[in-house]
Student: 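One structure follows; several queries about it will come next.
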Amino acid sequence: MFRVILYSLWKWSRLIILLGAVAAFVLPILSVQGASSDAVNPLTAGELLRSIQSWGVLYPVLAAALGLLVAIATWAPDHRGRHVHALSLPLPRWRYAMLRFGSGSLLLTAPMLALLLGAVLATRLAALPAGLQGYPIALALRFALAVAVAYAVFFAVSAGTSRTAGLVLASIGAVILVQVLATAAGTDLNLLGPLQNALLNWPGPLAIFTGRWMLIDV
Amino acid sequence: MTNTIEIQQLAYRPGRGFEIAGLDLRVPTGSIYGFLGPNGSGKTTTIRLVLGLLRPRAGRITVLGRAMPADAPYVLSRTGYVPEHPHLDPTLTVRETLRFQSAFYPLWDATWAEQLLETFGLDPARAFAKLSKGEKGKVMMLLALAQRPELLVLDEPTDGLDPVVRRDILAALLDYVSQHGATVFISSHLVHELERMCDWIGVMDNGRLVTELPIERFRNGIKRLQVTGAPSDLSTVPFSLLARSPNGGTAETWVVRGWEPDMRGYFATVGASLQGVDDLDLEDGYVELLRTFRAPRGERGG
């Protein structure tokens, strides 16, 4: 069962996976351009760190995009068929959902491994100024975790009906609207601050996306 | 006689307006049960409830001796389902679709699936999305049959298909049923098609089951009578008067159910005269039945 579901998902998501893997492989290599051993004017430690930090913004963006797109692709054939075929298959619904989830997770290991390879290669090729070190495995693990979190969140949202997705979006919109109105009215109500803290600060579920993503650091 | 599908006091309401309330239905084991009804009458909803695709608000559904939707995996592994619209992955080819389906059904017959591919003239390398409507219908029937089901649930499987494709599909279905004695629950708009193959008929309208009986009784019991001089008081009629319409002068046309030849004598007892008795085919009987069912109580005959 898993093999046929995996194959079906591969047909829906192969372009996403291939492009994602290429981007994940290339990103760490591009981020250490200025530190290559044959550069005419190699970057100083401070310049290199700033360059690495600016490239680092792209890792969580890529992770979120991969998680979102593969999650959508995972449910795409079922959404398109209004779930009639999936529901008429002779297995419990939770097991079907797990098979779908597992197939998406397995395909996402390709860009995760591509990033690991790219990061290892980039740190090998770079001539690092004294005091700096490469952290390819830590970066790859963090990227893998971020992809997994994004995929799990969007998979859960996509698993529902369009009504469920609408409710989620409407709830977010309502919070923002209340905050805008409260600010305009000059009240002290602060909904977004605590929400942001709960989601983006450790141990919030999206904390993995925040902070600095450094392939090379002190 | 055992029933492969048994529905008791089923209630379901998807939203405002339409609802299924107090539905009782029985599909005898080994029968071909034709499920008739106009668009929006609740046939597809009932089928989806039977298969556990929808959850009822109340009532009991038993399929192959198991409660639905609680035992859905067991029942679905023994049930071939052809939905109203083909809902398969459009990116897969016919061959890939067969491989996908075979992974879920333990009794999948790969040899027979290959034979059906050939019989139906399907190109296994063609993507499902690129098949014609008729070819999609054939693929759906192939998938339902190749899993060797005990029960086939077919939701308008030949709707919109040309006569040649329809004949191919129904021939494969009847061939399977004759060899394996499977039970078939088939909904259709094509009354004549059901008349040829079914042995039981259920008629649904507006979420309610209007009637359910062996097709012979349905066919033979409904007649059109030409009557003259009928009295206005018809409280003693020995049959069920479904419809009564004036025909000029004292002549009237009656549509009746439960007619027996020895009921002719009734007309003399009320001072009327029976001029003729016409058989109604299934389609006429179905139309008259629905017309009577929909008429307000006071306008119904008998």
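These figures come from a predicted structure and were not determined experimentally. Chain naming here is simple, since letters A, B, ... match the order of the sequence lines and numbering starts at 1 in each.
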Student: Which N or O donor-acceptor pairs, by atom type, sit under 3.5 Å across chain B and chain A?
Tutor:
from: B:Gly52; atom 1: O; to: A:Arg93; atom 2: NH2; distance (Å): 2.8
from: B:His87; atom 1: ND1; to: A:Gly81; atom 2: O; distance (Å): 3.1
from: B:Asp89; atom 1: OD1; to: A:Trp12; atom 2: NE1; distance (Å): 3.0
from: B:Asp89; atom 1: OD2; to: A:Ser8; atom 2: OG; distance (Å): 2.9
from: B:Asp89; atom 1: OD2; to: A:Trp12; atom 2: NE1; distance (Å): 3.1
from: B:Thr91; atom 1: O; to: A:Lys11; atom 2: NZ; distance (Å): 3.0
from: B:Thr91; atom 1: OG1; to: A:Trp12; atom 2: NE1; distance (Å): 3.4
from: B:Glu96; atom 1: OE1; to: A:Lys11; atom 2: NZ; distance (Å): 2.9
from: B:Glu96; atom 1: OE2; to: A:Tyr7; atom 2: OH; distance (Å): 2.4
from: B:Gln101; atom 1: OE1; to: A:His85; atom 2: NE2; distance (Å): 2.9

Student: Any idea which of B:Pro90, B:Gly52, B:Pro86, B:Ala72 has the most non-hydrogen atom pairs under 4.5 angstrom with chain A?
Tutor: B:Pro90
Student: Can you tell me if CG on A:Leu30 sees more than 12 non-hydrogen neighbours from other groups inside 6.0 Å?
Tutor: yes
Student: Crowded around B:Glu118 CD? As in, over 12 foreign heavy atoms under 6.0 Å?
Tutor: no
Student: Quick one: what part of A:Pro77 sits under 4.5 Å from any heavy atom of chain B, side chain, backbone, both or neither?
Tutor: side chain
Student: Heavy atoms only: give me the nearest A:Leu87-B:Leu76 pair and the separation to one decimal.
Tutor: O-CD1, 3.5 Å
Student: Under 4.5 Å heavy-atom distance to chain A, tell me which part of B:Leu51 shows up: side chain, backbone, both or neither.
Tutor: neither
Student: For residues B:Pro73 and A:Pro92, report the shortest heavy-atom separation together with the two atoms involved.
Tutor: CG-N, 3.8 Å
